[in-house]
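Here's the structure we're looking at; comments come further down.
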Amino acid sequence: MKGLIRFDEVNVQLKQLFDKASALAGYSFAELAAEQGMVVPKDLRRNKGWVGQLLESALGASAGSQALQDFPELGVELKTIPLDANGKPLETTFVCTTPLINVHELTWESSNVRNKLQCVLWIPIDGRREVPLAERTIGTAFLWQPSAAQEAQLKADWQEHMDKIALGEVESITAHQGEVLQLRPKAANSRVLTDAIGANGEAIQTLPRGFYLKTQFTGQIIRDTFNLN
DNA sequence: AGCTGATCATGT
DNA sequence: ACATGATCAGCT
């Protein structure tokens with residue numbers, strides 16, 4: 001009984017979140033920022049995460065720097081995705097940082113990538129740089145869970161990357177690898193170092209990496225959702 | 001340093 | 001034109 005009641009409550013909360021996100025469609029960044037008491041920066045050059053933070057604020061996501069979902073009680077991750085005039089993603093999507101040590105015990109099933117992508121509340125946003133930031137608008141939010149085929153692709157890429165990391169080959173991995181999930185630097189700058197495994201199993205220092213969804217993958221999600229093509 | 005939120009800017 | 005490697009801000 002208790003479980004059933006909780007289940008219902010979670011569904012109600014999820015619906016409320018989705019309704020709230022849906023209601024944001026059409027608003028300009030200026031309008032939403034005013035509502036949230038935020039100031040629209042001139043551009044995103046020194047405020048790259050600003051749009052994401054604007055939506056987090058509007059939807060009441062638990063802020064912070066923890067490696068958790070945005071709505072842990074709902075198991076939902078919030079992601080903004082900048083689109084061009086044709087509805088194509090302009091950027092890859094950061095998923096989470098990549099573990100580079102103690103990786104032997106890790107499995108896809110328990111991975112942070114799988115956890116984060118289990119249920120995503122995507123919010124398409126106008127990413128056109130030629131449009132002043134204040135005038136850009138919010139698109140139609142949608143909930144997504146990876147299909148079996150999509151999860152299989154993600155798992156295969158994740159496993160390939162993690163195998164290389166475990167073998168001490170992290171520095172040979174480029175963003176070209178992975179069908180849908182790539183590994184790229186994720187740091188304040190290229191001089192930042194973190195612990196990793198070297199080619200002979202020894203400890204080395206390397207640039208921190210993150211997992212990113214390639215634009216072809218997110219582009220297909222967008223097309224599937226909005227019946228484009 | 002290492003997470004979160006990401007986009008920038010350059011090379012191809 | 002586009003993706004890769006680099007970078008920016010805030011908080012812990």
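Treat the numbers as computed from the prediction; the structure is a model and nothing was measured. Note on naming: letters A, B, ... go to the chains in the order of the sequence lines (proteins, then strands), and numbering restarts at 1 for each one.
- Within a 6.0 Å sphere centred on OH of Tyr27(A), heavy atoms belonging to other residues, nucleotides or ligands number 12 at most.
- Residue contacts for Gln69(A): at a heavy-atom cut-off of 4.0 Å it reaches no nucleic acid atom on any strand shown.
- Following chains of ILVMFWY side-chain contacts shorter than 4.5 Å, one can reach Val95(A) starting from Ile173(A), so the two form part of one hydrophobic cluster.
- Residue contacts for Gly49(A): at a heavy-atom cut-off of 4.0 Å it reaches a base atom on one of the strands shown.
- The nearest whole Å value for the distance from the CZ atom in Phe29(A) to the C1' atom in dG5(B) is 14 Å.
- Taking atom CD1 of Ile101(A) as the reference point, atom C1' of dG2(B) lies 12 Å away to the nearest angstrom.
- The shortest non-hydrogen separation linking Val113(A) to Leu181(A) is CG1-CD2, 4.2 Å.
- Defining each end axis of the helix from dA1(B)-dT12(C) to dT12(B)-dA1(C) as the rotation carrying four pairs' C1' atoms onto the next four, with five pairs an end, the two axes are found to diverge by 30° to 10 degrees.
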All N/O contacts under 3.5 Å from nucleotides 5-7 of chain C to the protein, with atom names and distances to one decimal?
unit_1, atom_1, unit_2, atom_2, d
dG5(C), OP2, Ala175(A), N, 3.0
dG5(C), N7, Arg184(A), NE, 2.7
dG5(C), O6, Arg184(A), NH2, 3.0
dT7(C), OP2, Ser190(A), N, 2.9
dT7(C), OP2, Ser190(A), OG, 3.0
dT7(C), O2, Lys48(A), NZ, 2.8
dT7(C), O4, Ala187(A), O, 3.4

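- Thr218(A) and Thr215(A) share no side-chain donor-acceptor pair at under 3.5 Å.
- Pro208(A) comes within contact range of no nucleotide atom at all, as no heavy-atom separation falls under 4.0 Å.
- Counting heavy atoms of neighbouring residues, nucleotides and ligands inside a 6.0 Å radius, atom CD of Glu179(A) does not exceed 12 of them.
- Surrounding CD of Gln36(A) are more than 12 heavy atoms belonging to other residues, nucleotides or ligands, all under 6.0 Å away.
- A donor atom on one side chain and an acceptor atom on the other are not found under 3.5 Å apart for Asp157(A) and Gln153(A).
- The shortest distance between the side-chain N/O atoms of Thr93(A) and the OP1/OP2 oxygens of dA6(B) is not below 4.0 Å.
- At a cut-off of 3.5 Å, with distance as the only test, a side-chain donor of Gln150(A) or Trp144(A) sits close to an acceptor on the other residue.
- Between Cys119(A) and Leu143(A), the closest heavy-atom pair is SG-CD2, 4.0 Å.
- Going from atom CZ of Arg129(A) over to atom P of dA1(C) covers 13 Å, rounded to whole Å.
- Straight-line distance from the CG atom of Leu133(A) to the P atom of dA9(C): 15 Å, rounded to whole Å.
- Judged by the 6.0 Å and 45° rule, Arg184(A) forms a cation-pi pair with Tyr212(A).
- A straight line from CZ of Phe217(A) to P of dC2(C) spans 20 Å, rounded to a whole angstrom.
- We find that CG of Leu68(A) is positioned 14 Å from P of dT12(C), with the value rounded to whole Å.
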Detail all sub-3.5 Å separations between protein N/O atoms and N/O atoms belonging to nucleotides 10-12 of chain B.
none

### Query
Given Trp122(A) and Ile222(A), is the side chain to side chain contact (heavy atoms under 4.5 Å, CB included) satisfied, shown in steps?
CA-CA 9 Å; Trp122(A) 292 102; Ile222(A) 296 291; 5.8 Å; no

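- Look at Arg45(A) and you won't find any side-chain N or O under 4.0 angstrom from OP1 or OP2 of dC8(B).
- Dashed line: the shortest gap from a side-chain N or O of Thr80(A) to OP1 or OP2 of dG5(B) is not under 4.0 Å.
- Between dT7(B) and Arg46(A), no contact under 4.0 Å exists linking OP1 or OP2 to a side-chain N or O.
- Taking side-chain N and O atoms only, Gln53(A) has no distance below 4.0 Å to OP1 or OP2 of dG10(C).
- Within a 6.0 Å radius of NZ in Lys164(A), other residues, nucleotides and ligands contribute more than 12 heavy atoms.
- The nearest whole Å value for the distance from the CG atom in Asp43(A) to the P atom in dC8(B) is 7 Å.
- Rounded to a whole Å, the CG atom of Asp70(A) is 9 Å from the C1' atom of dG5(B).
- Phosphate contact (OP1/OP2 of dA1(C), side-chain N/O of Lys88(A), threshold under 4.0 Å): absent.
- Within the 4.0 Å cut-off from OP1 or OP2 of dC3(B), at least one side-chain nitrogen or oxygen of Thr97(A) is found.
- Ring centers of Phe211(A) and Phe94(A): at least 6.0 Å apart, outside the cut-off.
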